[in-house]
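Ligands are counted one by one from 1 in listed order, and the atoms in each one are counted from 1 as well.
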Amino acid sequence: MNILVTGGAGYIGSHVVEELQKSGFIPIVYDNFSTGHAAAVSEDVQLVEGDIHDTVFAKHIMEQFEIDAVIHFAASSLVGESMENPAKYYFNNVEGSLHLFEAMRGAGVDKIVFSSTAAVYGEPENIPITEDSKLQPTNVYGRSKLVIEGMLADYDMAYDMHYVALRYFNAAGASFNRNIGEDHSPETHLIPLILKTAQGVRKHVSIFGTDYPTNDGTCVRDYIHVCDLAVAHVLALEHLLKGGTSRVYNLGSENGFSVREIIKSAKKVTTIDFPVVEEQRRPGDPAVLIASSNKIRQELGWTPVHSSVDTIIGTAWKWHKDHPQGYES
Ligand code: UDP
């Protein structure tokens, strides 16, 4: 089966491409390299440089490679940037997705796995967060993904395009093969920032807020290993290919860790006592985000197996040590 992976040269996309190959699928990566890295795509994977806005070209590629289904990662994903430049997020994420869905319709491709986010929930009313929780994103990035989920539901209703939307909590870690990992520019995520500090690439780790109503005053998040996420995408794809109906699932480990706990684990795993500075809260950060992943566990049999914090940080640490400058190393 041939699977078009938009944004397959990005962090989560490249790990899903690896998992697709392991599972016997043929991934075709479609990426415009605005943030992706050609080096993240293995040499034996077909790589197409293209933009999701280009409906004509995307349709042509879907027909040329006889695509059976799409996994759609291509998006802008920086929360802070989304607040300063919402136009970029509505253009790249919402409008880009619309053009991609039109290309799919034109090419007769009617199955899609969509990369969504826990940011669609905003400040949660209950923990753990279930899929039927209120959807009230507090940032433009989350709102753009929620709009796309709505578009998918409408395309399903009107055109029978079936989808699985996967709402990720905090993706982290790196492939066990040590060949691909997280390389964002600019980097804003906690674990890579911690490891760059342990390496001496950055001077200190900032803790954003120590006065949250949590056990140690710092924010609690649900960290999920990127390889566990990758397996969920293959299960979602298989569900659609078997004729399954559209679904929305959370993907988290169901365990919460505070910023201080992550720093403590990183000091243990790296055996480096790097400097830490306490700072003000970062605007828009909810105190606690923990998923219920019960729905995908029950319906698709997904079980995260690599998502202990030590394994997440251990695999990410190996990647960072091998690639101190990311893919440019
Ligand atoms: N965080 C922090 N210092 C940093 C980056 C992040 O204290 O340099 C905190 C952030 O406030 C949040 C958690 O770490 O509570 C995870 O942040 P990240 O940006 O990795 O993911 P998010 O939860 O925003 O998707």
Side-chain angles (χ1 to χ4, degrees), residues 10-12 35 73 75-84 89 93 115-124 127-129 137-146 166-174 181-199 201-226 229 250-267 274-291 307 309 312-313 315-317 319-320:
Y11 170 47
I12 300 175
T35 55
F73 295 99
S76 296
S77 60
L78 297 174
V79 169
E81 183 188 58
S82 77
M83 301 301 280
E84 285 160 17
Y89 282 70
N93 298 1
S115 164
S116 189
T117 170
V120 296
Y121 296 112
E123 187 78 49
I127 298 289
I129 303 170
T138 50
N139 57 60
V140 175
Y141 167 65
R143 204 150 29 245
S144 73
K145 290 284 182 169
L146 186 55
L166 298 173
R167 294 176 179 161
Y168 314 143
F169 282 64
N170 288 63
E182 195 165 5
D183 179 5
H184 295 116
S185 183
E187 188 53 75
T188 61
H189 294 112
L190 180 65
I191 292 177
L193 288 174
I194 287 175
L195 298 178
K196 282 174 187 287
T197 311
Q199 280 178 302
V201 176
R202 295 177 67 94
K203 285 206 179 75
H204 63 258
V205 174
S206 301
I207 299 182
F208 294 148
T210 54
D211 58 349
Y212 283 97
T214 58
N215 284 345
D216 64 19
T218 66
C219 284
V220 170
R221 292 287 179 274
D222 181 335
Y223 295 88
I224 180 81
H225 198 288
V226 66
L229 285 188
N250 285 344
L251 290 179
S253 71
E254 306 188 312
N255 295 309
F257 290 89
S258 71
V259 175
R260 286 196 209 281
E261 286 171 327
I262 296 293
I263 290 172
K264 191 171 163 206
S265 168
K267 287 191 174 182
F274 47 83
V276 175
V277 173
E278 296 185 1
E279 292 188 23
Q280 295 299 308
R281 291 182 179 200
R282 187 172 68 175
D285 271 340
V288 180
L289 292 176
I290 301 173
S307 292
V309 166
I312 288 174
I313 295 177
T315 53
W317 180 229
W319 158 258
H320 278 88

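At a 4.0 Å heavy-atom cut-off, ligand 1 touches R221 through the side chain alone. Contacts between L190 and ligand 1 below 4.0 angstrom, taking non-hydrogen atoms only, involve backbone and side chain alike. At a 4.0 Å heavy-atom cut-off, ligand 1 touches T188 through the backbone alone.
With respect to atom 15 (O) of ligand 1, the closest heavy atom belonging to the protein is C219 CB, 2.9 Å. The shortest contact between atom 19 (O) of ligand 1 and any protein heavy atom is with R282 NH2, 3.1 Å. If you check which protein heavy atom lies closest to atom 3 (N) of ligand 1, you get S206 O, 2.6 Å.
To the nearest 0.5 Å, atoms OH (Y168) and CG (D222) are separated by 14.5 Å. Rounding to the nearest 0.5 angstrom, the gap separating the CG atom in N170 from the CG atom in L190 is 8.5 Å. Atom CG of L78 is separated from atom NE2 of H189 by 7.0 Å, given to the nearest 0.5 angstrom. Remark: I262 CD1 to F257 CZ distance equals 6.5 Å, nearest 0.5 Å.
Counting heavy atoms only, D285 comes closest to atom 12 (C) of ligand 1 of the residues L78, D285, V277. When V259, N170, I191 are checked for heavy-atom proximity to atom 9 (C) of ligand 1, V259 turns out nearest. Evaluated by nearest non-hydrogen atom to atom 5 (C) of ligand 1, the leading choice among F208, Y212, Y141, Y168 is F208.
Interface atoms of ligand 1 facing L193, defined by a heavy-atom separation under 4.0 Å, are 8 (O). Taking a cut-off of under 4.0 Å to the non-hydrogen atoms of I207, the atoms of ligand 1 that pass are 7 (O).
The shortest N or O to N or O distance between H189 and ligand 1 is not under 3.5 Å.
Between the side chains of E81 and Y89, at least one donor N or O lies within less than 3.5 Å of an accepting N or O. Checked by atom type, the side-chain pair Y121/N250 shows a donor-acceptor distance below 3.5 Å.
Remark: N215 CG is loosely packed, at most 12 non-hydrogen atoms of other residues, nucleotides or ligands lying under 6.0 Å away. Summarising the local packing, CD of Q280 is surrounded by 12 or fewer heavy atoms from other residues, nucleotides or ligands at distances under 6.0 Å.
Under the 4.0 Å criterion applied to side-chain N and carboxylate O atoms, R260 and E278 are assigned as salt-bridge partners.
Contact annotation: Y223 has at least one heavy atom less than 4.0 Å from an atom of ligand 1.
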